[in-house]
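For the numbers below, each heavy atom of this structure counts, side chains included, while hydrogens, waters and symmetry mates do not. Everything numeric here is computed off the predicted structure, so don't read it as measured data.
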Amino acid sequence: QAQLVESGGGLVQAGDSLRLSCAASGGTFSTYSMGWFRQAPGKEREFVAAISWGGINKSYVDSLKGRFTISRDNAKNTIYLQMNSLEPEGTAVYYCAASRLLTRTAQGYFAWGQGTQVTVSS
């Protein structure tokens with residue numbers, strides 16, 4: 001079973017950039033599709049981006065396409081989320097998750113990290 005640990009969150013100003021990391025241990029990371037989700041206060045967890053096991057196929061929520069980029073380094077068992085032009089609406093806890101297929105649905109992920117807080121001030 002994979003264990004996932006996110007890092008890189010923090011307090012930034014609107015317009016700033018931030019890169020989140022998610023380090024995996026256990027399991028067979030290079031065979032998993034990976035995803036990022038976020039949950040804002042009082043809201044449901046929502047899909048942000050996903051990447052296939054080889055990094056070729058990627059999926060993004062339409063509202064963030066062009067500003068957020070997901071990537072992975074299988075040699076380091078790590079995925080990343082580069083977030084540019086952050087907006088206050090991006091304030092949320094960001095989670096990474098592992099799946100056996102490329103999906104936008106949270107139910108399709110079998111392992112989750114504890115989350116990292118991103119706060120964007122206006």
Side-chain angles (χ1 to χ4, degrees):
Q1 185 77 351
Q3 289 81 47
L4 307 174
V5 178
E6 302 94 336
S7 61
L11 173 63
V12 297
Q13 293 187 333
D16 285 351
S17 297
L18 204 59
R19 189 176 81 155
L20 305 182
S21 300
C22 171
S25 60
T28 50
F29 174 79
S30 62
T31 68
Y32 301 149
S33 291
M34 299 292 295
W36 285 101
F37 290 75
R38 67 184 182 182
Q39 187 166 19
K43 295 187 177 182
E44 294 186 354
R45 190 172 300 189
E46 64 172 350
F47 170 78
V48 174
I51 187 167
S52 61
W53 65 270
I56 300 300
N57 296 309
K58 302 177 183 180
S59 178
Y60 296 94
V61 63
D62 287 346
S63 60
L64 298 175
K65 195 176 296 184
R67 292 195 295 120
F68 285 23
T69 302
I70 189 171
S71 62
R72 67 189 295 160
D73 186 340
N74 284 347
K76 296 182 178 180
N77 284 2
T78 301
I79 67 165
Y80 305 96
L81 184 68
Q82 177 67 43
M83 305 185 293
N84 298 329
S85 302
L86 282 162
E87 300 173 344
E89 293 73 20
T91 294
V93 178
Y94 285 71
Y95 300 89
C96 68
S99 175
R100 291 183 175 85
L101 46 85
L102 190 64
T103 178
R104 298 179 171 217
T105 306
Q107 292 83 348
Y109 290 81
F110 63 85
W112 293 82
Q114 83 291 346
T116 186
Q117 176 70 47
V118 173
T119 303
V120 185
S121 64
S122 57

Rounded to the nearest 0.5 Å, what separates atom [atom1] in [X] from atom [atom2] in [Y]?
X   : Y    : atom1 : atom2 : answer
S52 : L101 : OG    : CG    : 11.5 Å
N57 : I51  : CG    : CD1   : 9.0 Å
T91 : Q117 : OG1   : CD    : 7.0 Å
L64 : F47  : CG    : CZ    : 9.5 Å

Within the side chain of E6, is there an N or O that forms a donor-acceptor pair under 3.5 Å with the backbone of C96?
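Yes.
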Residue pairs involving [range] (criterion salt bridge (Lys or Arg N to Asp or Glu O under 4.0 Å); sequence neighbours excluded):
range            : value
residues 53-69   : D62-K65, R67-E87
residues 69-86   : none
residues 110-122 : none

Output every pair passing disulfide bond (SG atoms under 2.5 Å apart) with a member in [range], not counting sequence neighbours, ordered by first then second residue.
range          : value
residues 30-63 : none
residues 31-70 : none
residues 44-87 : none

Heavy atoms only: give me the nearest [X]-[Y] pair and the separation to one decimal.
X    : Y    : result
Y60  : I70  : OH-N, 2.9 Å
S33  : L102 : OG-N, 3.4 Å
T116 : G9   : OG1-N, 3.2 Å

Quick one: side-chain contact (heavy atoms from CB on, under 4.5 Å) partners of V5, sequence neighbours excluded?
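Counting only residues at least two positions away or on another chain, V5 forms a side-chain contact (heavy atoms from CB on, under 4.5 Å) with Q114.
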Listed partners of A98 passing side-chain contact (heavy atoms from CB on, under 4.5 Å), at least two apart
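A98 satisfies side-chain contact (heavy atoms from CB on, under 4.5 Å) with L4, Y32, M34, F110, A111 only.
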Taking only residues two or more places apart in sequence, or in another chain, which ones meet S85 in a side-chain hydrogen bond (donor to acceptor under 3.5 Å, both in side chains)?
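side-chain hydrogen bond (donor to acceptor under 3.5 Å, both in side chains) list for S85, sorted by chain: empty.
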Report yes or no: do Y80 and W53 belong to one cluster of Ile/Leu/Val/Met/Phe/Trp/Tyr joined by side chain heavy-atom distances under 4.5 Å?
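No; tracing contacts between hydrophobic side chains, which count when under 4.5 Å, never links both residues.
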Below 4.5 Å, heavy atoms only, C-beta onward: do M83 and V12 meet side chain to side chain?
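When only atoms from C-beta onward are counted, V12 and M83 do not touch, as no gap falls below 4.5 Å.
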Quick check, are the ring centers of W36 and F68 under 6.0 angstrom apart?
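Ring-ring flag for W36/F68: false, centres at least 6.0 Å apart.
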Pair up each side-chain donor or acceptor in residues 14-30 with any protein partner under 3.5 Å, not counting sequence neighbours, and list the distances.
from	atom 1	to	atom 2	distance (Å)
D16	OD2	Q13	N	3.0
S17	OG	N84	OD1	3.0
T28	OG1	T31	OG1	2.9

Residue pairs, two or more places apart or on separate chains, that pass side-chain hydrogen bond (donor to acceptor under 3.5 Å, both in side chains) and touch residues 95-110:
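Non-adjacent pairs meeting side-chain hydrogen bond (donor to acceptor under 3.5 Å, both in side chains): S59-R104.
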Can you pull out every side-chain hydrogen bond (donor to acceptor under 3.5 Å, both in side chains) where at least one residue sits in residues 38-49? Sequence neighbours excluded, please.
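Non-adjacent pairs meeting side-chain hydrogen bond (donor to acceptor under 3.5 Å, both in side chains): R38-E46, R38-Y94.
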